[in-house]
Number of protein chains: 2
Amino acid sequence: MRLTERKMQRKREQILQTAISIIKSHGYSGATMELISSELLMTKGSLYYYFKNKSDLMYQCHNFVLSQAIKDHEEILAKNLNQRQTLYEMVCLHIDYAVEQKETFNLIMEPKRFFKQEQLEPVLKLRKTYETIFDQTIEKGIKAGDFQSDDYKVARLFILGAMNWIQQWYSPEGQLTKQELKDLYFDYIMKILGGKE
Amino acid sequence: MRLTERKMQRKREQILQTAISIIKSHGYSGATMELISSELLMTKGSLYYYFKNKSDLMYQCHNFVLSQAIKDHEEILAKNLNQRQTLYEMVCLHIDYAVEQKETFNLIMEPKRFFKQEQLEPVLKLRKTYETIFDQTIEKGIKAGDFQSDDYKVARLFILGAMNWIQQWYSPEGQLTKQELKDLYFDYIMKILGGKE
DNA sequence: TTTAATTTTTAAACTTTGTTCAAAAAAAGG
DNA sequence: CCTTTTTTTGAACAAAGTTTAAAAATTAAA
């Protein structure tokens, strides 16, 4: 009886992984239920046994990636570096996600209209968690004298926005390597947060 | 013979305006051909007489708003203010567009997949024009000693990204007035561009 | 003004994609 | 081996974009 539940769970994750990879390769609108299911050697109708609808499946993908990102950030925090170093690693990690998982990491285009209420709430909550990790690091840094800022929450919005936008223009084939990008962006962030050089 | 062409043009603009307003009120995916046409007291089939397809119509909306924004920026340039003042007005204008015209101003979610090649190219060109206006102002400011920056094009990407992201979170009902938002953001921008206080 | 040509609109059919559902197939339990 | 439960299927349906042949409206010509 408990086994069934676990099996269900595993199947869900398997579908999720496939969906994520298809969103990655075919983009959001190219990821049809048909395509996802055929990749898993099933018919599209079957997907509805595991997920309520497409919006639910997409939400779970977003949720999965965002949760993973939060875990990764927590690993950084666990290293107990100074706040400047911590923030640097967080910035690098965020940029990695924004570039590598861009379709699922930031599901932006009118999320309020796209997600149904029951999905929107947990998404916003998860985002809040994510943002809070940044806020706390910045706040600690201010207390430790590493950074200085009034209105640091607006500064955080500014900074995250700048980083999220990267996915709109960055191409690995371009002039800028990812490492250069990270370092330049971190420099700007330090200027905003008044960090000493 | 020339009159017909002009009439066509007027009709196209009329449809465009209606489409823009419906995208504004119903969001991108809520703006169905049916809804747009019924607002104009015609059937959806008729829209295809004026626009090749929905993607074309959406592209024209984006184009229209973006072109208007460019004109507005050019008016600012024509005032011949110093570069710091110019940039301040440009930032204010950009934020206004990002907040008021958010659906059509930044049509972001996978534009490369959404627009067909023949539309993508002019969009990218128009965006380039828009970005160039910022670049030129920054460049002039550097020469005039108002700003300082190596890699100012990356700085511009950072700055525009931060501003574009505003549409994802800003609400007029929130704590921050639009004016406070503009001033805070301009402060951050000045820090990035090493502008003197 | 009547007729012919052209432009514009329509309504219906068709396509694609998401969704539902009853029935079949497969798996699990006794 | 039979019964029950779980899973999958395939067909039907719904919504939205798109096409098209024909009708309606407009314009031009005689």
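Chain letters run A, B, ... following the sequence lines, proteins first, then strands; residues in each count from 1.
In this structure, A:L47 atom CG and D:dG10 atom P are separated by 14 Å, rounded to whole Å. To the nearest angstrom, P of C:dT17 lies 13 Å from CE of A:M58. Computed from coordinates, the B:M42 CE to C:dT10 C1' distance equals 11 Å when rounded to whole Å. Put simply, CE on B:M33 is 15 Å from C1' on C:dT15, counting in whole angstrom units. In this structure, B:I15 places its CD1 atom 8 Å from P of C:dT9, rounding to the nearest Å. Note: CG (B:L41) to C1' (C:dT10) measures 14 Å, nearest angstrom. The nearest whole Å value for the distance from the CE atom in B:M8 to the P atom in C:dT7 is 10 Å. Atom CZ of A:R6 and atom C1' of C:dA28 are 17 Å apart (whole Å).
B:Y48 has a side-chain polar atom (N or O) that falls below the 4.0 Å cut-off from OP1 or OP2 of D:dT18. Contact annotation: B:S46 does not reach the phosphate of C:dT9 (side-chain N/O to OP1 or OP2, under 4.0 Å). In this structure, A:K7 does not reach the C:dA26 phosphate: none of its side-chain N or O atoms is under 4.0 Å from OP1 or OP2.
Side-chain contact, B:H94 with B:N164: a donor N or O sits under 3.5 Å from an acceptor N or O. Side-chain atoms of B:T132 and B:T129 form no donor-acceptor pair, as typed in the model, at a separation below 3.5 Å.
Heavy atoms of A:Y50 sit under 4.0 angstrom from primed sugar atoms or phosphate atoms, though from no base atom.
Scanning both residues, B:T137 and B:F147, for their nearest heavy atoms gives O-CE1, 4.0 Å.
Around atom CD of A:E121, no more than 12 heavy atoms belonging to other residues, nucleotides or ligands sit under 6.0 Å away.
Comparing D:dG17, C:dT9, C:dG18 against the side chain of A:K44 picks out C:dG18 as the nearest. Nearest nucleotide to the A:K54 side chain, out of C:dT17, C:dT19, D:dT9: C:dT19. Of the candidate nucleotides C:dT10, D:dT8, D:dT18, D:dT8 has the atom nearest to the side chain of A:K11.
If B:T43 and A:K52 are placed on DNA chain C by their nearest nucleotide, the residue sitting closer to the 5' end is B:T43.
No continuous path of hydrophobic side-chain contacts links B:I142 to B:L81 [ILVMFWY only; heavy atoms under 4.5 Å].
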